[in-house]
Enquirer: 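Right, I'll just put the structure down here and ask away after.
All of these numbers come straight from a predicted model, not from anything done at the bench. A note on names: the letters A, B, ... follow the listed sequences, proteins ahead of strands, and every chain is numbered from 1.
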Number of protein chains: 2
Amino acid sequence: MDKRYTALGTSMLVLKLLEKEPMYGYQIIKTLEQQSSQVFRLQEGTLYPILHGLEQQGAVISQTASAPSGRIRKYYHITPSGRKLLQEKLQEWETYQTAVNQVIGGVLFE
Amino acid sequence: MDKRYTALGTSMLVLKLLEKEPMYGYQIIKTLEQQSSQVFRLQEGTLYPILHGLEQQGAVISQTASAPSGRIRKYYHITPSGRKLLQEKLQEWETYQTAVNQVIGGVLFE
DNA sequence: ATCAATACATAGATTATCAAGGTATATAAA
DNA sequence: TTTATATACCTTGATAATCTATGTATTGAT
C-alpha cells in the first residue's frame, strides 16, 4: 500500500482470507489486491512479518507443500484461536468505522 | 486512543471538526471523544503535533484569543487549502472503507 | 489550601508499514 | 539459449503515526 492505513486492518484482512481457505504468502498479496480492486497493494516486507507474528501467537499454522509445478509453497491455516482473534478484529473495525462515520456525518447509516 | 487506528483518520477528523467551527486543542479532544461515543480518546501528545503539522502545511491557521474566563486559548481555523485537503482525505477514507468491506464481505453495501 | 479540570507543549519509545535488497525456481519470449 | 518476467520466500533499515510520560500554568470547586 502506498498509504498508511491501519494496524487493525492488515492482519484482520489476512485472517479473513485464511478463514475461507489456507493460502500462501504470495497468494494472499495477489488475492487482497484483486478483491480490494487494487486498493491494497501489500508489500512482502509487510506481509511476511505479519504472518510470522500471527504464527507465533498461534493464530495460524504453516505447512509446507509442493505445488503441481513442483514449486515449494508455505500454506498458512487459521486456527481456532485465530478465528477468535478475527472476530475481535472485525468487531473493532465495526466500532471504529461507525465512530468515524458518526464524526464525519457519513451517509452510510441512513 | 488505546488502539492504533489510522493515519488517515486523525487529521481528517480534526479538519472535519474545524470545518464546522474554529476550535482550540482541548476542545477538539473533548468534542471528538463525545461525538464518537468515547471511541476516540485522542492524547495531547497526538493532537498537538498534528495541529502544528497542519498549520505548517497551511491547512489551518491559529489565532490566540482569550476566553470569557480570561484564559488564553489558541483557536485553529481551517483554510481553503485545508478544506481541499479534507475533501481528499474524506475521499480516501471512502475508498479505504469500501475496499475493506469488500474483502470482509461487509453488509453495509447491500 | 488543595485537588481536579482546563490548556498549552515537548521528548522518547513503540509499532506498522514501506523501500530496498537478497535468494531461488518456473515459464515464456527473444 | 539467453533473457526477462512472474512466482515465492525472506530480512534489514528507514519513516511516520501514535502513545506514554513529563512539564508548565491557570481556573474553579471542595
Side-chain angles (χ1 to χ4, degrees), chain A residues 1-15 22-34 36 39-57 60 62-76 89 92-93 96 99-100, chain B residues 1-15 22-34 36 39-57 60 62-76 89 92-93 96 99-100:
Chain A
M1 324 197 213
D2 55 355
K3 288 282 162 40
R4 249 156 246 262
Y5 291 113
T6 157
L8 219 156
T10 309
S11 59
M12 176 182 80
L13 296 174
V14 169
L15 286 171
M23 285 189 180
Y24 54 98
Y26 195 79
Q27 185 185 10
I28 291 172
I29 290 172
K30 293 300 163 190
T31 305
L32 210 48
E33 203 169 317
Q34 178 231 313
S36 72
V39 173
F40 302 122
R41 294 171 190 279
L42 206 52
Q43 300 303 310
E44 297 179 320
T46 304
L47 178 63
Y48 289 115
I50 285 176
L51 286 173
H52 300 158
L54 288 173
E55 189 167 27
Q56 269 213 313
Q57 287 177 58
V60 301
S62 68
Q63 187 183 340
T64 300
S66 45
S69 58
R71 182 185 287 282
I72 298 279
R73 290 170 179 164
K74 208 164 157 188
Y75 282 87
Y76 288 88
K89 284 180 178 292
E92 280 172 37
W93 163 247
Y96 175 66
V100 170
Chain B
M1 321 198 218
D2 54 355
K3 288 280 161 43
R4 249 157 246 259
Y5 291 112
T6 156
L8 218 157
T10 308
S11 57
M12 176 182 79
L13 296 173
V14 169
L15 287 171
M23 286 190 177
Y24 54 96
Y26 195 79
Q27 185 185 11
I28 291 172
I29 290 174
K30 293 300 163 191
T31 305
L32 210 47
E33 202 170 317
Q34 177 231 314
S36 72
V39 173
F40 301 122
R41 294 172 190 278
L42 206 53
Q43 301 302 310
E44 297 178 317
T46 305
L47 179 64
Y48 290 114
I50 285 175
L51 286 173
H52 300 159
L54 288 173
E55 190 166 26
Q56 269 213 314
Q57 287 176 60
V60 301
S62 69
Q63 188 185 338
T64 300
S66 45
S69 58
R71 180 185 289 279
I72 298 279
R73 289 170 180 163
K74 209 165 157 186
Y75 282 86
Y76 287 88
K89 285 181 177 291
E92 280 173 36
W93 163 247
Y96 174 67
V100 170

Enquirer: Once you round to the nearest 0.5 Å, how far does CG of B:L13 lie from OG1 of B:T31?
Expert: 12.0 Å
Enquirer: Measure from CG on B:L47 to C1' on D:dA21 and round the result to the nearest Å.
Expert: 17 Å
Enquirer: Go through it in stages, so that I can follow the logic: the residues are A:M12 and B:V100, the test is side-chain contact (heavy atoms from CB on, under 4.5 Å), and I'd like the CA-CA distance, side-chain angles, deciding distance and then a yes or no.
Expert: CA-CA 10 Å; A:M12 176 182 80; B:V100 170; 3.7 Å; yes
Enquirer: Heavy atoms only, 4.0 Å cut-off, all strands: where does B:G45 land among base, sugar-phosphate and nothing?
Expert: base
Enquirer: Round to a whole Å and report the spacing from NZ of B:K74 to C1' of D:dT26.
Expert: 17 Å
Enquirer: Find the distance B:L54:CG to D:dA16:P and express it as a whole number of Å.
Expert: 15 Å
Enquirer: For A:H52 and A:Y24, take the nucleotide of DNA chain D holding the closest heavy atom to each; which residue's nucleotide lies nearer the 5' end?
Expert: A:Y24
Enquirer: For the pair made of CD in B:Q27 and P in D:dT27, what is the distance, rounded to whole Å?
Expert: 18 Å
Enquirer: Should A:V60 and A:L15 count as side-chain neighbours, where that means a heavy-atom distance under 4.5 Å?
Expert: yes
Enquirer: Identify which nucleotide among C:dC8, C:dT17, D:dT7 has an atom closest to any side-chain atom of A:T46, counting heavy atoms from C-beta outward.
Expert: C:dT17
Enquirer: In whole Å, what is the span from the NZ atom of A:K30 to the P atom of D:dA6?
Expert: 8 Å
Enquirer: Rounded at 0.5 Å granularity, tell me how far OH in A:Y76 sits from CG in A:L51.
Expert: 5.0 Å
Enquirer: Output the single nucleotide from C:dA7, C:dC18, C:dT25 whose closest atom is nearest the side chain of A:L42.
Expert: C:dC18
Enquirer: Between B:P49 and B:I72, which residue's closest nucleotide on DNA chain C lies nearer the 5′ terminus?
Expert: B:I72
Enquirer: What's the CD-P distance between A:E44 and C:dA24, to the nearest Å?
Expert: 16 Å
Enquirer: Check this one for me: any side-chain N or O of B:T10 less than 4.0 Å away from OP1 or OP2 of D:dA17?
Expert: no
Enquirer: Find the distance A:R41:CZ to C:dA16:P and express it as a whole number of Å.
Expert: 24 Å
Enquirer: Heavy atoms from C-beta onward define the side chain here; which of C:dC8, D:dT7, D:dT11 lies closest to that of A:R71?
Expert: D:dT7
Enquirer: Quick one: which of C:dC8, C:dT10, D:dC9 gets closest to the side chain of A:Y48?
Expert: D:dC9
Enquirer: Do B:Q43 side-chain and D:dC19 base share a donor-acceptor contact under 3.5 Å?
Expert: no
Enquirer: Can you tell me how far C1' of C:dT17 sits from CD1 of A:I29, to the nearest Å?
Expert: 13 Å
Enquirer: To the nearest 0.5 Å, tell me how far B:R71 CZ sits from B:S66 OG.
Expert: 12.0 Å
